[in-house]
Structure formats: structure tokens, C-alpha cells
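Have a look at the structure below, then the notes.
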Amino acid sequence: MSIIQKLILIFFIVLSPSLVNAQSLILESVETKYQAGDYFQINLSVDAENQAINAISGIIKIPNDKLEIINTKYGNSIVSLWAEHPTINTAAGEITFTGGMPGGFSGQDGPILSFIVRAKNVGIATIFLADFKVMSNDGLGTKLKNILLKPIKLDIVENPTGSKIISPVDVNNQKQRELYSDIVPPEN
């Protein structure tokens, strides 16, 4: 093994624990392929790993030529104190928010918010995260660095039955009923 190979191996051994414990913000959906006209939900969650966090803010960017933002849901969020509730800017294709978690959060799969979109046009639609700030629960408001932002890439395909668009009020199947039902009580 050459000296360069040994140095590279040592480098990865030293860095691998920090890569495994990296905090990340993740966008997820049940599927990654939808038909034009479909309504579906995207979830934003945080994996805080071994670092307690107590505040988060940022922008979710949605390609408004491919997707239309319908609404947001945050009733089951780990964020309980909203400085700015999730706000939709349809023209810009953005959702902005700022919130805190009194007492902090440390763990995996901490739900931040969900949002419903409608697939408008055929093509690849990448939803990504921008200008995110995550603060440590250290009493000093230390901004965490090296937060891993995981976008989601969706494939919007032609609707083979024509372009019949399902309205939120025309909900006939169980999956869509669950998507549009609001079962989370309002904040106090």
C-alpha cells in the first residue's frame, strides 16, 4: 500500500464518524413518480443525530413550472413555537418558515412540516432546500455547520387517461381521503 493510499484510508477512518453523525434535513414522498394532475404530499424532517437542536429556519424551493403548492401542514411538527408559520409564495415557488423547539430536539425523523403539491407538467421536478439555519440547543444559539440538505427528485409523467385533474373536493379513494383529511387539532 502506497503512502498516498494509507493517508486516504486514515482520512476516511477519521472522518467517517462525523459523516455518520451529520445532521440532515430530508425531503421525502411516498413515491418519486407521479402523473400530471396528481396531488401528493412531501414531508420535511430532520435527523439531529447526537446534536440537540432548538431552532430552524429556511426555504423550500419548488419548481412552479412543474408543481403547484396547494397547502402546508405542521400540526405534528417537533417545532412548537413558530416565529413564522410555513408561508407559501406561489409566484416564487417557495415555502418559508422559522420555528423553535423549547427544550430542544435530538433524534431521527423529527417531522418539521408537510406540504401538498399538484403535478402540473411532465418532466423532472427537483425540490430543494435553501438558506437553512439550524441552531444548537446549547444556550448560545450556535449555528450548526455542515448540515446535509437532501433534496427530492420527482418524475412527472403523462396521465394516460387524459388530463383529468382530481380536485381536493373530488376525493374518491382512501389514499386521497387520508391526504386531504385534517385530523391534527389546532395549536393552543
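Position 1 is the first residue of the sequence, and the numbers go up from there.
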Is it true that [X] and [Y] fall in one hydrophobic cluster, defined by side-chain heavy atoms closer than 4.5 Å?
| X | Y | result |
| --- | --- | --- |
| I56 | L81 | no |
| M135 | V79 | no |
| I95 | L149 | yes |
| I60 | I26 | no |
| Y39 | V122 | no |

Looking only at heavy atoms, which two atoms of [X] and [Y] are closest? And how far apart?
| X | Y | answer |
| --- | --- | --- |
| P86 | L113 | CG-CD2, 3.8 Å |
| A48 | S106 | CB-CA, 4.1 Å |
| E158 | Q35 | O-CG, 4.1 Å |
| A125 | I156 | CB-CG1, 4.4 Å |
| G110 | F105 | CA-CZ, 3.6 Å |
| K150 | L148 | CE-CD2, 3.5 Å |

Quiz item: Between the side chains of Q108 and E49, is a donor N or O closer than 3.5 angstrom to an acceptor N or O?
Solution: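 E49 and Q108 do have a side-chain donor-acceptor pair below 3.5 Å.
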
Quiz item: Does the separation of the ring centres of F132 and F97 fall below 6.0 angstrom?
Solution: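 F132 vs F97: aromatic centres under 6.0 Å.
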
Kindly indicate whether the side chain of [X], heavy atoms from C-beta on, has any atom under 4.5 Å from the side chain of [Y].
| X | Y | result |
| --- | --- | --- |
| I127 | P63 | yes |
| I112 | Y74 | no |
| K120 | K66 | no |
| L144 | S136 | yes |

Quiz item: Would I53 and M101 satisfy side-chain contact (heavy atoms from CB on, under 4.5 Å), going step by step from the backbone distance to the final call?
Solution: CA-CA 8 Å; I53 61 172; M101 297 139 266; 4.2 Å; yes

Mind checking the [atom1]-[atom2] spacing from [X] to [Y]? Nearest 0.5 Å is all I need.
| X | Y | atom1 | atom2 | result |
| --- | --- | --- | --- | --- |
| D47 | S24 | CG | OG | 4.5 Å |
| D155 | Y34 | CG | OH | 11.5 Å |
| E28 | L44 | CD | CG | 9.5 Å |
| N54 | T142 | CG | OG1 | 9.5 Å |
| L27 | L129 | CG | CG | 4.5 Å |
| F115 | Q41 | CZ | CD | 9.0 Å |

Practice problem: Under the side-chain contact (heavy atoms from CB on, under 4.5 Å) rule, what do N89 and T96 come out as? Steps first, then yes or no, please. | Solution: CA-CA 8 Å; N89 179 337; T96 58; over 6 Å; no

Sub-3.5 Å donor-acceptor pair from the side chain of [X] to the main-chain atoms of [Y], do we have one?
| X | Y | answer |
| --- | --- | --- |
| N64 | L67 | no |
| D131 | I59 | no |
| N137 | G103 | yes |

Exercise. Apply the test side chain to side chain donor-acceptor pair (under 3.5 Å) to residues T90 and E68: give CA-CA distance (whole Å), side-chain angles for both, the deciding distance (0.1 Å), then the verdict.
Key: CA-CA 7 Å; T90 307; E68 176 186 9; over 6 Å; no

Practice problem: Under the side-chain contact (heavy atoms from CB on, under 4.5 Å) rule, what do I124 and K153 come out as? Steps first, then yes or no, please. | Solution: CA-CA 7 Å; I124 300 297; K153 188 180 284 190; 3.4 Å; yes

Exercise. Dump the intermediate steps for side-chain contact (heavy atoms from CB on, under 4.5 Å) on L154 and I42, then the final yes or no.
Key: CA-CA 11 Å; L154 303 167; I42 307 289; 4.0 Å; yes

